[in-house]
Amino acid sequence: MAEQIGFVGLGIMGKPMARNLLKAGYSLTVYDIVGSNQEEVVTDGATGVSSSKEVAAASETIITMLPDSADSEKVILGPDGVLEGARSGSVIIDMSSIAPGSSQKIAAACEAQGVNFLDAPVSGGEPKAIDGTLAIMVGGKQDVFERYGDLLAVLGGSIVLCGDYGAGNTTKLANQIV
C-alpha cells in the first residue's frame, strides 16, 4: 500500500498524525510553514516540498491540520494553496477544528473544481494523536467518507460521519461545549 498522501500542517497534532500514516505504509508528501517541523517528518521518511500547492500536485489525497479557520481558508483556497495543485477527483480532508461555515465555503470551492472534500476535526489532543486513537467527527458525502475510512482508521479510534459539509465541525463544537 504505497498510496500517496499529502499532509499540510505538522504542528503538535499534525506531526504525530503524519508519523502514524508513515508507519502504516503510506507515502507522504509534506509541507509546514515551520521548516523544523517539516524536517522532522522528512527524517522519518516523508518527502518535503516548498508549498501547499506542491503537496496537492503530488497527491491524490491531501490532509490539512491547521490552527484555525483563517489558516484553513488561506492554505486550501489561497495563492499557492492546496486547491491550486489539486486534480479533479482528488480529496481534501481538512482535520482542523474550524468554523462550520468555513468548512462549507471550502467545500463549495472544492466542488466547483471537481475535488472531493471532508471536514474531519479531531478530539483527544496530542496523546491520542500519537497513539492513533483520536475521535474523528466527519462532515461530507457518504461515498467519499466510506472511500477514506481505512485511512482515517490509522489516525482515529472513533470515526463518525455526522452529516453534510460542516457537520464534523458542528459536532466538534457541541462536543467541546459539553
Side-chain angles (χ1 to χ4, degrees), residues 1 3-32 37 41 44 46 52 55-56 59-69 71-73 75-76 82 86 90-107 110-111 115-178:
M1 165 209 331
E3 186 186 344
Q4 185 61 48
I5 307 291
F7 206 108
V8 179
L10 303 167
I12 290 167
M13 298 294 288
K15 192 184 309 170
M17 292 165 70
R19 285 180 165 146
N20 284 335
L21 291 167
L22 285 167
K23 281 184 214 149
Y26 289 97
S27 288
L28 240 58
T29 299
V30 299
Y31 174 70
D32 192 278
N37 287 355
V41 181
D44 293 336
S52 301
V55 167
S59 315
E60 281 292 308
T61 302
I62 305 99
I63 297 171
T64 53
M65 188 56 164
L66 304 157
D68 58 36
S69 299
D71 288 320
S72 280
E73 289 189 26
V75 166
I76 297 171
V82 173
S90 60
V91 67
I92 297 170
I93 303 173
D94 185 19
M95 301 191 78
S96 317
S97 293
I98 65 173
S102 284
S103 289
Q104 291 163 343
K105 175 181 176 180
I106 294 167
C110 288
E111 278 195 341
V115 173
N116 294 302
F117 180 78
L118 295 172
D119 61 288
V122 302
S123 182
E126 187 180 12
K128 292 200 179 284
I130 291 168
D131 66 20
T133 60
L134 292 162
I136 306 174
M137 295 143 275
V138 185
K141 305 272 182 256
Q142 173 98 31
D143 62 317
V144 178
F145 170 75
E146 288 171 0
R147 202 172 323 143
Y148 296 96
D150 289 347
L151 173 68
L152 293 173
V154 170
L155 306 172
S158 164
I159 304 147
V160 180
L161 179 64
C162 302
D164 208 348
Y165 303 128
N169 274 300
T170 301
T171 305
K172 164 83 191 234
L173 286 170
N175 185 46
Q176 296 299 98
I177 291 166
V178 170

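All values derive from a computational prediction rather than experimental measurement.
A search for salt bridge (Lys or Arg N to Asp or Glu O under 4.0 Å) contacts involving Asp150 returns nothing, not counting sequence neighbours. Under the rule for a salt bridge (Lys or Arg N to Asp or Glu O under 4.0 Å), Glu126 has no partner lying at least two apart in sequence or in another chain.
Looking at Val82 and Val115, their side chains never come closer than 4.5 Å, going by heavy atoms from C-beta outward. With contacts defined as side-chain heavy-atom distances shorter than 4.5 Å, the pair Val91/Glu60 does not qualify.
Of the possible polar contacts, none joining the Asn20 side chain to the Asp131 backbone as a donor-acceptor pair under 3.5 Å is found. The backbone N or O of Pro100 sits nowhere less than 3.5 Å from a side-chain atom of Thr170 that would complete a donor-acceptor pair.
Contact record, Leu134 with Gly125: CD2-O, 3.7 Å, taken as the closest heavy-atom pair.
Remark: Leu66 CG to Glu73 CD distance equals 11.5 Å, nearest 0.5 Å. Note that OG of Ser158 is 11.5 Å distant from CG of Leu152, once rounded to the nearest 0.5 Å. Once rounded to the nearest 0.5 Å, the distance linking OG of Ser96 with CG of Asp119 reads 10.0 Å.
A salt bridge (Lys or Arg N to Asp or Glu O under 4.0 Å) check over residues 159-178, counting only residues at least two apart or in different chains, returns the pairs Lys141-Asp164.
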Practice prompt. Check the pair Ser103 / Tyr165 against side chain to side chain contact (heavy atoms under 4.5 Å, CB included), numbers first and verdict last.
Written response: CA-CA 6 Å; Ser103 289; Tyr165 303 128; 5.6 Å; no
